[in-house]
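Each remark here refers to the structure printed beneath this line.
Naming convention: chains lettered A, B, ... in sequence-line order (proteins, then strands); numbering from 1 in each chain.
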2 protein chains.
Amino acid sequence: MSDHPTIRARRRGPALEEAILRAAADELLTTGYAGFTMDRVARRAGTNKNVLYRRWPHRAALALAAYGHLAAERYTLPDTGNLREDVLTVLRDANRHWASPLGEVLRGLLTTKDPEVLQLLRGRGTEGGADLLLPVLERAVARGEARPQALKPRVAGVPLALLRHEYLLRGSTEVPEAVLVEIVDDVFLPLVQAVTASVTATADAAK
Amino acid sequence: MSDHPTIRARRRGPALEEAILRAAADELLTTGYAGFTMDRVARRAGTNKNVLYRRWPHRAALALAAYGHLAAERYTLPDTGNLREDVLTVLRDANRHWASPLGEVLRGLLTTKDPEVLQLLRGRGTEGGADLLLPVLERAVARGEARPQALKPRVAGVPLALLRHEYLLRGSTEVPEAVLVEIVDDVFLPLVQAVTASVTATADAAK
DNA sequence: CCGTTAAGGTACTTCGCGTACCTTAACGGG
DNA sequence: CCCGTTAAGGTACGCGAAGTACCTTAACGG
């Protein structure tokens with residue numbers, strides 16, 4: 001019993017912090033933000049609440065940090081050379097993400113009352129959505145697939161805003177593919193396409 | 001303090017229930033859904049928690065009932081004969097409502113985790129938004145102000161969905177008029193308006 | 001008039017956040 | 001190499017709020 005786990009070497013600094021964040025992330029993924037308790041995180045991390053409160057001022061801050069720790073990897077935009085495919089891909093990715101446990105965490109965090117956390121959450125570009133599709137739209141304009149007048153954050157943000165809206169209405173369940181297609185074909189493409197786009201209505205039988 | 005002189009006659013049934021709902025509504029309006037506690041409601045209503053729990057199974061149910069009690073009055077759609085004005089009016093009304101204490105209550109309720117309450121909330125047509133603007137859009141199509149192909153719930157729901165999205169991003173603060181105008185002028189009108197000049201010019205609005 | 005029903009009152013139990021306070025291990029400068 | 005400083009471990013609170021138990025008491029109604 002040389003390295004018996006019962007008597008673990010005392011962790012400090014970054015190592016401990018990493019362990020705590022992992023534990024907190026696991027808790028978020030299993031129990032969600034509701035049911036995320038400091039006691040459970042501390043127990044899972046093999047430490048105690050004090051250590052948590054020395055690093056994060058309150059529960060929400062820890063949860064937010066854990067989420068950030070999870071969602072650390074960077075996202076790469078699609079570039080298929082086709083606006084419709086690009087936007088659909090982004091919508092599908094976002095749909096998957098928001099329907100995943102990770103997305104549930106995010107939504108749980110968004111519904112917190114803590115103004116400080118909301119500030120932080122909104123600070124992350126993750127939430128804008130506008131900026132995400134803007135480059136896609138930009139390329140589409142360059143290819144002549146979209147009107148230059150449509151090249152605005154407000155317009156580029158429409159698809160993700162509508163997707164988010166679906167989540168508000170439906171709850172946690174994944175948004176069906178048909179809705180994504182509607183968002184793109186009934187709203188976004190008619191909105192951004194060149195003036196000759198009235199043809200699209202007849203041409204979308206091609207899909 | 002002292003409750004000396006007023007030994008109130010004991011209220012029963014509907015009278016008591018009404019008093020409780022009023023108290024709960026007042027609490028919602030002053031403290032919001034967070035900070036809405038059964039103890040406070042009971043004290044404000046001059047009764048005790050037991051009476052509340054005999055009528056509503058839990059805090060969220062009572063809050064929801066109180067909100068319904070507040071938002072009882074019906075809404076009448078604008079019909080100015082001009083699509084842009086109609087939509088802007090609806091957006092301004094919704095903006096006012098959501099920025100008001102009442103709207104804060106609604107948003108607070110929407111963020112509850114209780115699935116039962118969410119079910120009830122979504123049951124109310126209040127949330128759809130799509131159906132709200134659909135008649136407005138219908139009239140616009142009849143006047144030739146909008147393409148008939150745009151006459152879909154998904155399209156009609158866009159303005160309110162975008163407005164709601166703004167609330168998610170900004171928090172409780174009222175959305176500035178400029179954003180409403182952007183939503184209408186940069187998104188909704190380009191989306192629904194007739195695309196080819198010939199169609200717009202010809203007075204084939206004959207119905 | 002009296003029994004049934006529902007309101008009033010009080011005191012719990014349970015949970016989870018956040019804090020206090022002490023003990024103990026690791027680190028690191030002299 | 002020692003010892004003081006720092007940070008982790010441990011335990012026990014205080015507090016607020018949800019719900020519950022149980023009894024007392026007023027109103028209603030046959």
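- In this structure, of C:dC17, D:dG9, C:dA7, it is C:dA7 that holds the atom nearest to the side chain of B:Arg54.
- For D:dT25, the paired base is C:dA6 (Watson-Crick or G-U wobble, both distances below 3.5 Å).
- As a whole-Å value, the separation of B:Phe36 CZ from D:dG19 P is 11 Å.
- Residues B:Leu189 and B:Asp185 share a closest heavy-atom pair of CD1-OD1, 3.6 Å.
- Taking atom CD of A:Glu17 as the reference point, atom C1' of D:dA7 lies 13 Å away to the nearest angstrom.
- Searching all strands for a Watson-Crick or G-U wobble partner of D:dC1 with both distances below 3.5 Å returns C:dG30.
- Phosphate contact (OP1/OP2 of C:dG8, side-chain N/O of B:Thr47, threshold under 4.0 Å): present.
- Atom CG of A:Asn48 is separated from atom P of C:dT23 by 16 Å (rounded to the nearest Å).
- Closest contact between the side chain of B:Arg55 and the listed nucleotides C:dA7, C:dC17, D:dG9 involves C:dA7.
- The nearest whole Å value for the distance from the OH atom in B:Tyr53 to the C1' atom in D:dA17 is 8 Å.
- B:Leu91 CG to B:Asp86 CG: the interatomic distance, rounded to the nearest 0.5 Å, is 11.0 Å.
- In this structure, the CZ atom of B:Arg43 is 19 Å from the C1' atom of C:dA7, given to the nearest Å.
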Any protein N or O atoms within reach of nucleotides 27-30 of chain D? Criterion: under 3.5 Å, listing atom names and distances.
{"unit_1": "D:dA27", "atom_1": "OP1", "unit_2": "B:Arg10", "atom_2": "N", "d": "3.3"}

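- The number of heavy-atom neighbours closer than 6.0 Å to CZ of A:Arg22, taken from other residues, nucleotides and ligands shown, is 12 or below.
- Atom CG of A:Asp39 is separated from atom CD of A:Glu27 by 10.5 Å, given to the nearest 0.5 angstrom.
- With C:dA7, D:dA18, C:dT19 as the choices, the nucleotide that has an atom nearest any side-chain atom of A:Lys49 turns out to be C:dT19.
- Across the protein-nucleic acid pair, B:Asp39 atom CG and C:dG8 atom C1' stand 14 Å apart, rounded to whole Å.
- Put simply, CE on A:Met38 is 20 Å from P on D:dC15, counting in whole angstrom units.
- A straight line from CG of A:Leu62 to C1' of C:dC17 spans 13 Å, rounded to a whole angstrom.
- Here NE2 of A:His69 is found 12.5 Å from CG of A:Leu28. Values are rounded to the nearest 0.5 Å.
- For the pair B:Arg59 and B:Tyr33, the distance from NZ or CZ to the six-membered ring centre is under 6.0 Å and the angle to the ring normal is within 45 degrees.
- A salt bridge does not link A:Glu145 to A:Arg139: none of the charged nitrogens lies less than 4.0 Å from a carboxylate oxygen.
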